[in-house]
There are 2 protein chains.
Amino acid sequence: MTGETERREAAEHLALTLVGAGMQRMGARALAAFLFAEKDTLTAGDLADELGVSAGSVSGAVKMVAQMGLIERIHVAGSRREHFRMRANAWTTLYSRQHSVVDDVLRAVEKGVDAVGPGRAHDRLEYMRDFYTFLLNEAPMLVERFERQRRGGPRS
Amino acid sequence: MTGETERREAAEHLALTLVGAGMQRMGARALAAFLFAEKDTLTAGDLADELGVSAGSVSGAVKMVAQMGLIERIHVAGSRREHFRMRANAWTTLYSRQHSVVDDVLRAVEKGVDAVGPGRAHDRLEYMRDFYTFLLNEAPMLVERFERQRRGGPRS
DNA sequence: CCCTGTCTTCAGAAATTTCTGAACGTTCGC
DNA sequence: GCGAACGTTCAGAAATTTCTGAAGACAGGG
């Protein structure tokens with residue numbers, strides 16, 4: 001149940017799904033490559049081989065994914081190659097990141113609340129503001145709860 | 001503090017932010033138009049005027065936003081025009097919808113867990129699966145909590 | 001029934017995003 | 001230092017998304 005082909009298909013499928021969730025295509029493919037790799041670290045060359053793309057594309061993808069905090073650069077002394085490793089907290093980071101987008105929306109909404117006088121629009125905007133404020137408060141607690149729960153009782 | 005220009009600017013800015021959050025441009029602009037409108041319902045013509053775009057664009061945008069469950073069609077008897085109204089629970093709906101994307105990701109991950117044998121990749125995939133499973137379970141509770149809290153004590 | 005106003009669809013234009021390949025830097029081994 | 005291996009950047013090509021305008025469908029009034 002571990003044909004190389006099947007593994008790659010699963011990786012590509014996950015990458016495509018992440019694209020559907022809003023990630024850039026190449027970044028998603030790179031991330032999936034890390035996720036599905038048996039090795040702990042990959043070089044840019046490994047990625048180019050695995051994904052079948054140019055060095056330039058790999059460079060761009062890695063830059064983005066690293067900037068998102070999902071992978072980290074590992075400088076190996078005495079090697080010209082630069083290694084990358086997926087960070088342990090990549091998924092919670094990704095989730096938090098989505099909530100920085102929520103924060104942007106919230107700011108825009110607050111601007112809207114200030115811009116309109118009393119009326120229906122004002123009420124709608126306040127409701128939206130309250131919901132997004134709520135989300136923004138709760139999200140970190142969610143993540144924390146997951147981590148505690150996982151440490152505490154990783155049964156099943 | 002309610003110049004018409006200022007109102008439109010705020011609406012456009014919010015629309016742009018929603019685009020940054022992954023929404024289609026025209027859909028976001030339409031949604032913002034509803035949010036900022038003083039009227040309770042808008043017709044396609046109203047939207048075309050407000051946004052300065054063609055009827056075709058409005059049709060496409062409205063179709064998408066309606067399909068997302070954010071607005072609803074109101075058929076007015078004895079009128080050729082079709083009215084639309086923003087649904088009260090639009091924001092919680094939008095949030096839940098984002099979590100259907102999470103569900104897609106989860107499925108893809110599970111496929112991955114099945115596709116790889118024991119090893120690092122398998123461990124990583126399991127971790128990811130657990131986190132997304134957790135999120136998917138918690139999200140509905142979050143929304144429910146917000147709604148209860150708002151009903152219960154809408155102070156401040 | 002036809003006419004008119006309204007909405008939808010769709011082919012193609014325009015804009016935007018994404019990828020590549022080649023030129024340029026950088027760093028290590030010698 | 002020099003040469004070779006890697007990595008990065010960037011202009012342009014390719015692919016994708018988005019918008020428009022025109023043609024057609026549909027409903028109601030006359």
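Within every chain, numbering begins at 1; the chains are lettered A, B, ... in the order of the sequence lines, protein sequences first and strands thereafter. From a predicted model like this one, the values you see are computed outputs, not experimental measurements.
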Protein and nucleotides 15-18 of chain C: nitrogen or oxygen contacts under 3.5 angstrom:
residue: C:dT18; atom: OP1; partner: A:Gln24; partner atom: OE1; Å: 3.4
residue: C:dT18; atom: OP2; partner: A:Gln24; partner atom: NE2; Å: 2.8

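- Residues A:Arg150 and B:Tyr127 have side chains in contact (heavy-atom distance under 4.5 Å, counting atoms from C-beta outward).
- Across the protein-nucleic acid pair, B:Arg73 atom CZ and D:dC26 atom C1' stand 14 Å apart, rounded to whole Å.
- Comparing C:dT20, D:dT8, D:dT20 by their nearest atom to the side chain of A:Val53 picks out C:dT20.
- Residues B:His122 and B:Val113 meet the side-chain proximity criterion, which asks for heavy atoms closer than 4.5 Å.
- Using a 4.5 Å heavy-atom threshold, the side chains of B:Trp91 and A:Asp130 count as separate.
- Residues passing the side-chain hydrogen bond (donor to acceptor under 3.5 Å, both in side chains) test with B:Lys63: none are found, sequence neighbours excluded.
- OP1 or OP2 of D:dT20 lies within a sub-4.0 Å distance of a side-chain N or O belonging to B:Ser57.
- No side-chain heavy atom of A:Arg107 sits under 4.5 Å from any side-chain heavy atom of B:Thr17.
- Taking the six-membered ring where the residue is Trp, B:Phe84 and B:Phe34 present perpendicular rings, their angle passing 60° and hence far from 30°.
- Between the side chain of A:Arg129 and the main chain of A:Glu110, no donor-acceptor pair closer than 3.5 Å is present.
- As a whole-Å value, the separation of B:Arg81 CZ from D:dG29 C1' is 15 Å.
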Polar-atom pairs under 3.5 Å, protein N or O versus N or O of nucleotides 27-30 of chain C: list them with distances, or write none.
residue: C:dC28; atom: O2; partner: A:Arg80; partner atom: NH2; Å: 3.2
residue: C:dG29; atom: OP1; partner: A:Gly78; partner atom: O; Å: 3.3
residue: C:dG29; atom: O4'; partner: A:Arg80; partner atom: NH2; Å: 3.4

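- For A:Tyr132, the side-chain hydrogen bond (donor to acceptor under 3.5 Å, both in side chains) criterion is met by no residue, not counting sequence neighbours.
- When side chains are defined from C-beta on, B:His83 does not count as touching B:Asp40, because their heavy atoms never get closer than 4.5 Å.
- When every heavy atom of B:Met86 is checked against every heavy atom of B:Ile71, the shortest pair comes out as CA-CG2, 4.0 Å.
- Closest contact between the side chain of B:Glu82 and the listed nucleotides D:dG21, C:dC7, C:dG21 involves C:dC7.
- The shortest distance between side-chain heavy atoms of A:Arg145 and A:Met141 does not fall below 4.5 Å.
- Residues of residues 58-68 of chain A that place a heavy atom closer than 4.0 Å to DNA chain C do not occur.
- Counting heavy atoms from C-beta on, the side chains of B:Asp46 and B:Lys39 come closer than 4.5 Å.
- Shown for residues 40-52 of chain A: no residue has heavy atoms falling under 4.0 angstrom of DNA chain C.
- With A:Arg29 contributing its side chain and A:Ala15 its backbone, the two residues share no donor-acceptor pair below 3.5 Å.
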